[in-house]
Amino acid sequence: MDQIEHGESRLYIAGDGKDLAEITYRLEEATGNWIVDHTYVSEDLRGQGTGEKLVRAVVDKAREAGVKIIPECPYAAKQFQRHKEYADVLSGDGSSS
């Protein structure tokens, strides 16, 4: 498995001089929550659990930072539904509205 790198407001996997996968988030100023707004996995890495690993990595990062997540991205929201162990970092009902 390729190494997950940490960038500004994103986690990503790079290879061959390009991003192969990423998950991005932004700060919700009013609450301090992170809004996970995008997940991308290239054709090269699809079907290998890469997206799930990125969601897990952002959950771990949120735990370390002591913040909650609003999974706005449909893929991330689905992962939060599947993985009840992420409930400790899920903000409220999981929506930003």
Side-chain angles (χ1 to χ4, degrees):
M1 175 64 194
D2 296 300
Q3 180 69 31
I4 296 176
E5 304 289 336
H6 295 246
E8 187 171 335
S9 297
R10 74 184 192 123
L11 302 173
Y12 64 97
I13 297 170
D16 297 328
K18 62 183 178 186
D19 290 348
L20 299 174
E22 75 172 348
I23 188 165
T24 62
Y25 57 92
R26 66 184 188 278
L27 179 66
E28 184 180 57
E29 297 284 336
T31 63
N33 293 330
W34 289 351
I35 299 171
V36 173
D37 54 9
H38 175 70
T39 305
Y40 164 76
V41 177
S42 68
E43 289 291 333
D44 295 342
L45 296 181
R46 285 199 185 145
Q48 300 176 35
T50 302
E52 189 171 342
K53 289 172 185 164
L54 286 170
V55 173
R56 186 177 317 118
V58 81
V59 165
D60 290 343
K61 187 174 172 107
R63 285 178 178 143
E64 290 172 15
V67 300
K68 300 286 185 179
I69 292 175
I70 299 167
E72 203 173 80
C73 162
Y75 180 81
K78 180 72 98 181
Q79 289 300 311
F80 270 84
Q81 289 173 353
R82 286 185 180 155
H83 295 275
K84 300 304 180 195
E85 67 270 22
Y86 298 167
D88 62 311
V89 295
L90 182 62
S91 173
D93 65 0
S95 71
S96 59
S97 49

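Residue numbers start at 1 and run along the sequence shown.
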Inset, instruction - Ignoring hydrogens and angles, state whether a donor on the side chain of Glu52 or His83 is under 3.5 Å from an acceptor on the partner side chain. - result: yes

Legend entry - Rounded distance [0.5 Å steps], CG in Leu11 versus CD1 in Ile23: 7.0 Å

Legend entry - Close side-chain approach of Leu90 and Lys68, heavy atoms under 4.5 Å: no

Legend entry - Note, Val58 side chain near Val36 side chain (heavy atom, < 4.5 Å): yes

Inset, instruction - Using the rule that two of Ile, Leu, Val, Met, Phe, Trp, Tyr join whenever any of their side-chain heavy atoms come within less than 4.5 Å, decide whether Tyr12 and Leu54 are in one cluster. - result: no

Inset, instruction - Report yes if some heavy atom in the side chain of Tyr75 is under 4.5 Å from a heavy atom in the side chain of Val55; otherwise report no. - result: yes

Inset, instruction - Find out if a path of hydrophobic residues (ILVMFWY) with successive side-chain heavy-atom gaps under 4.5 Å connects Leu20 to Val41. - result: yes

Inset, instruction - List the atom of Arg56, the atom of Tyr86, and the distance in Å for their closest heavy-atom pair. - result: CB-OH, 3.5 Å

Legend entry - Value rounded to 0.5 Å, distance of CD1 in Ile13 from CG in Asp44: 11.5 Å

Inset, instruction - Would you check if the side chain of Lys84 reaches a backbone N or O of Gln81 as a donor-acceptor pair within less than 3.5 Å? - result: yes

Inset, instruction - Quick one: pull up OG in Ser9 and CG in Asp37 and give me the separation to the nearest 0.5 Å. - result: 9.0 Å

Legend entry - Non-hydrogen side-chain atoms of Arg63 and Asp88 separated by less than 4.5 Å: yes

Inset, instruction - Identify the two heavy atoms, one from Pro71 and one from Ala76, that lie closest to each other, and give their separation to 0.1 Å. - result: CB-C, 4.0 Å

Legend entry - Inter-residue atom distance Arg26.CZ - Glu29.CD, 0.5 Å rounding: 11.0 Å

Inset, instruction - Look up atom CD1 in Ile69 and atom OH in Tyr25, then write down how far apart they are to the nearest 0.5 Å. - result: 9.0 Å

Inset, instruction - May I ask whether Val59 and Tyr40 are part of the same hydrophobic cluster, defined by side-chain heavy atoms of I, L, V, M, F, W, Y residues being less than 4.5 angstrom apart, directly or through others? - result: no

Inset, instruction - Supply the atom-to-atom distance Lys78 NZ to Thr39 OG1, rounded to the nearest 0.5 angstrom. - result: 13.5 Å

Inset, instruction - Taking only Lys NZ, Arg NE, NH1 and NH2, and the carboxylate oxygens of Asp or Glu, determine whether Arg10 and Asp19 approach each other closer than 4.0 Å. - result: yes

Legend entry - Lys61/Glu64 salt bridge by N-O under 4.0 Å criterion: no

